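If you're wondering where the values come from, they're calculated on a predicted model, not measured in any experiment.
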Amino acid sequence: MKFLRRYFIIALAAVALCACNQKNTTHEKIRQAVERQMEMYPKSTLRDLYKNFFQDRFGPGHLIADPSAADKFLRHELESAESFEGVDYEPTGYEGRFYRVNLGVIADGRVPYEKYFDAFIRSVNGIKPISLEQWHKEWNEIVEVIRAMNLPLDNLEDDIIITNSMITNGSYVMHHSRSFNAHYQPHYRIIEREIFEQEILPLLNK
């Protein structure tokens, strides 16, 4: 009996240690993702960090409810954009489930429009849906890591309140901040990791 009791205590301790290690690993990955964004985009706010982690979790689904409208909007953005600054592509969030792929790869002819748009549309299949409650819990964990990093983010506390209120009220989509848009003028779409690495990346590596 004592043996079984001791075994049970050891098993519980092992499970707790495993959970702790997993949490530490997740927090480290979150921290690295935040550092990567702040290094590339130092004018980011919490809203922009939110958008990055949101995109990693939810992909481009909210953008392609109507593929015809998505096609028109993409063509309009390509025609109206004055420049396509920034890197060709970058992973989203801390899991890298998707890539942000600069529209400049279409504009300079390296990726045909049809191939890019098809990859973008099919990327919705890479989304693994979670509930708002699950996302809220994950976002609060991300915020915990961001707080601990003591970053000089403008309006941090206000943006924490806004993002939490937004999720609580049943919404989760957020646009880039005015600061981000003004400094970086982003033009990209989200493409699922496997589709990007197999179909788009080889064209960029030519």
Using a 3.5 Å cut-off and no angle test, enumerate the donor-acceptor pairs between side-chain atoms of residues 196-206 and protein atoms at least two apart in sequence or in another chain.
| unit_1 | atom_1 | unit_2 | atom_2 | d |
| --- | --- | --- | --- | --- |
| E197 | OE2 | Y99 | OH | 2.8 |
| Q198 | NE2 | E194 | OE2 | 3.4 |
| E199 | OE1 | R122 | NH2 | 2.5 |
| E199 | OE2 | R122 | NH1 | 3.3 |
| E199 | OE2 | R122 | NH2 | 3.3 |

Treating N140 as the side-chain partner and K137 as the backbone partner, does any N or O pair qualify as donor plus acceptor under 3.5 Å?
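Flag not set: sc N140 to bb K137 has no pair under 3.5 Å.
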(Q) Checking the side chain of R57 only, and the main-chain atoms of R97 only, is there a donor and an acceptor separated by less than 3.5 Å? (A)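 Not at all, since once roles are kept as given, no pair shorter than 3.5 Å links the two residues.
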Item checked: Side-chain donor-acceptor pair present, H136, N164, cut-off under 3.5 Å ->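 The criterion, which ignores hydrogens and geometry beyond distance, is satisfied for N164 and H136.
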What's the verdict on side chain to side chain contact (heavy atoms under 4.5 Å, CB included) for V105 and F84, showing C-alpha distance, side-chain angles and the deciding distance?
CA-CA 9 Å; V105 303; F84 300 95; over 6 Å; no
| Gap between atom CZ of F53 and atom CD of E95 - 0.5 Å precision |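 These two atoms lie 10.5 Å from each other.
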Point to revise | V101 vs F120 side-chain heavy atoms within contact, under 4.5 Å | key: no
#### Entry: Pi-cation contact, Y116 with R189 (under 6.0 Å, within 45°)
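Not satisfied by the 6.0 Å and 45° rule.
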Run the ring-centre check on Y172 versus W139 and record whether the distance is less than 6.0 Å.
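No.
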Q. Only one of D48, T45, N181 forms a side chain to side chain donor-acceptor pair (under 3.5 Å) with H176, so which one is it?
A.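 Going through the options one by one, the only one that passes is D48.
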Begin with the C-alpha distance, continue with both residues' side-chain angles, and end with the deciding distance and a verdict on salt bridge (Lys or Arg N to Asp or Glu O under 4.0 Å) for R147 and E144.
CA-CA 5 Å; R147 279 187 185 278; E144 178 186 337; over 6 Å; no
Using the rule given for side chain to side chain contact (heavy atoms under 4.5 Å, CB included), can you reason through I142 versus Y50, listing the C-alpha separation, both sets of side-chain angles and the distance that settles it, and then say yes or no? CA-CA 9 Å; I142 293 168; Y50 174 94; over 6 Å; no
